[in-house]
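As the structure lists them, so they are numbered: ligands from 1, and atoms in each ligand from 1. Numbers here simply count residues along the sequence, with the first being 1.
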Amino acid sequence: MKEKIDLLRRETVELIDRCSSPEDIESLRIRYLGRKGELSIILRSLGALPSDQRRVVGQAVNSLKEDFQRRLDSRRSSLEAKQEQQVLFSQTADVTLPGVPHMRGRRHPISLTMSCIADIFTGLGFVVAEGPEVETDYYNFAALNFPADHPAKDMQATLYITDDLLLRTHTSPVQIRVMERQRPPVRCIMPGRVYRCDSDVSHSPMFHQVEGLLVDEGVSFGDLKGILGFFVQRMFGSATRLRFRPSFFPFTEPSAEIDISCVICSGKGCRVCKETGWVEILGAGMVHPAVLRGVGYDAERYTGYAFGMGVERIAMLRYRIDDIRLFFENDVRFLEQFS
Ligand code: PHE
């Protein structure tokens, strides 16, 4: 019996050594100490031994059992610690590896320019209004005092959807929509997309305008000149000069086209200003009394001014870009340069 116990001790010591996981330890425990385990069977058979042997063998088996139990526990905890370390190790980040760079998005130069224009005017008390890009002939032309079949309609290469529906050719129809909704005083800017059948280095079939409208009692052409002077110097710097040229729009009288001294060559003459020293950026004028009457305003009591500017033209001057198509090709190497 003693030999059998010694054999069991050596056997278990070796088996515990060979365990490589807490699960192995558990199956060893069941194999020796479970209900049908080898040690349990020996302990249960002690009663059959003669009483002189029973004590000696009993003590030896019990000490083997305790010893086995202790070894199992200590091996189990060291295996568990090792397992935990492996998990931690597999989860560590190698801080010496190169990082994965994130591309940062930017606002489009046209959006940046529109925000800048809007900021200048909202700072003067103008509020932003918007209208639809698909317009009716009425809002785009008739309400703006374009006579039906008048050649003035040819000034704008209109893209028609049906006889009556079209893509708006300017943001001026929003003037009408705003005035229909409210009584004077009106102080609005109206940014948005417009469409014309036109395409070359300085024309795109879709482009952006910002319209301005102010209607109140006693508004004069001098007010228009004052506000545009303020705007231009804010936008392009205080050295920028302004030039009003007489012009014609059916919805303003008198009308003017406004040039600024070329910001590229400071007025000396270059390719951008076609050697003239001046660049046109705006159309403007006093709101025609027929337009005011059309929206139900008292044209004897109220006067107003309106202006419309091309955002692409302003962005090209601001960022010194010589081809309008760059704005719409979505080449990241181009777009990346603005912030
Ligand atoms: N709507 C005109 C255009 O697109 C510009 C303009 C706006 C002129 C307001 C006068 C007043 O050319």
Side-chain angles (χ1 to χ4, degrees), residues 110 114 117-118 121 126 128-133 135-147 150-159 166-179 186-198 202-216 219-228 231-232 242-260 279-292 294-295 297 299 302-314 324:
I110 295 299
M114 290 232 264
I117 296 168
F121 285 103
F126 285 71
V128 177
E130 286 181 318
E133 290 170 31
E135 266 297 8
T136 57
D137 184 84
Y138 177 76
Y139 285 104
N140 198 79
F141 293 123
L144 289 164
N145 200 35
F146 283 79
H150 192 280
K153 280 192 180 181
D154 289 348
M155 278 165 65
Q156 314 194 333
T158 311
L159 291 158
L166 47 85
L167 292 176
R168 67 179 180 194
T169 57
H170 51 178
T171 42
S172 301
V174 191
Q175 289 187 31
I176 306 300
R177 291 182 177 274
V178 166
M179 288 191 285
V186 175
R187 206 184 283 117
C188 258
I189 50 160
M190 297 148 274
R193 291 193 186 95
V194 300
Y195 302 84
R196 290 182 199 179
C197 190
D198 208 351
S202 56
H203 295 89
S204 157
M206 185 284 295
F207 60 104
H208 299 77
Q209 285 188 335
V210 175
E211 190 87 5
L213 175 68
L214 185 140
V215 183
D216 203 348
V219 180
S220 73
F221 200 93
D223 295 323
L224 171 64
K225 202 176 165 210
I227 204 136
L228 292 180
F231 164 71
V232 159
L242 211 62
R243 180 170 84 171
F244 282 65
R245 276 183 293 108
S247 186
F248 172 78
F249 299 103
F251 41 97
T252 48
E253 181 60 36
S255 302
E257 278 173 311
I258 288 114
D259 303 337
I260 58 168
V279 191
E280 186 201 322
I281 59 158
L282 274 148
M286 299 306 289
V287 182
H288 198 292
V291 173
L292 295 177
V295 295
Y297 284 7
Y302 297 110
T303 50
Y305 61 71
F307 55 85
M309 62 186 94
V311 179
E312 279 75 5
R313 177 68 66 85
I314 289 172
I324 197 171

Main-chain N/O of G131 paired with R168 side-chain donor or acceptor, under 3.5 Å: yes

Do E280 and D259 touch side chain to side chain, with heavy atoms closer than 4.5 Å? yes

Which part of S255 is near ligand 1, with near meaning a heavy atom under 4.0 Å away: side chain, backbone, both or neither? neither

Quick check: does any side chain N or O of E312 sit under 3.5 Å from a backbone N or O of H208, one acting as donor and the other as acceptor? yes

Is R168 in contact with ligand 1, taking contact as a heavy-atom separation below 4.0 Å? no

Qualifying residues under side chain to side chain donor-acceptor pair (under 3.5 Å), relative to R177, sequence neighbours excluded: E135

Using non-hydrogen atoms of the residue, decide whether Q209 is closer than 4.0 angstrom to ligand 1. yes

Suppose I only count heavy atoms of A284 and a 4.0 Å limit; which atoms of ligand 1 are within that range? 8 (C), 10 (C), 11 (C)

Please work out which of the three classes, parallel, tilted or perpendicular, describes the rings of F141 and H170, given edges at 30° and 60°. tilted

Within ligand 1, which atoms have a heavy atom of S172 less than 4.0 Å away? 1 (N), 7 (C)

T169: which of T158, D198, N140 passes side chain to side chain donor-acceptor pair (under 3.5 Å): N140

Within the 4.0 Å heavy-atom cut-off, what F307 brings close to ligand 1 is backbone

Residues at least two apart in sequence or cross-chain that pass ring-ring contact (aromatic ring centres under 6.0 Å, His included) with F121, listed by chain then number, are F126, F231, F307

At less than 4.0 angstrom from any non-hydrogen atom of G308, what atoms of ligand 1 do you find? 6 (C), 7 (C), 9 (C)

Logged contact type for M309 with ligand 1, heavy-atom cut-off 4.0 Å, is neither

Quick one: which ligand 1 atoms are inside 4.0 Å of a heavy atom on E211? 7 (C), 9 (C)

Numbering the atoms of ligand 1 from 1, which are under 4.0 Å from a heavy atom of R196? 3 (C), 4 (O), 12 (O)

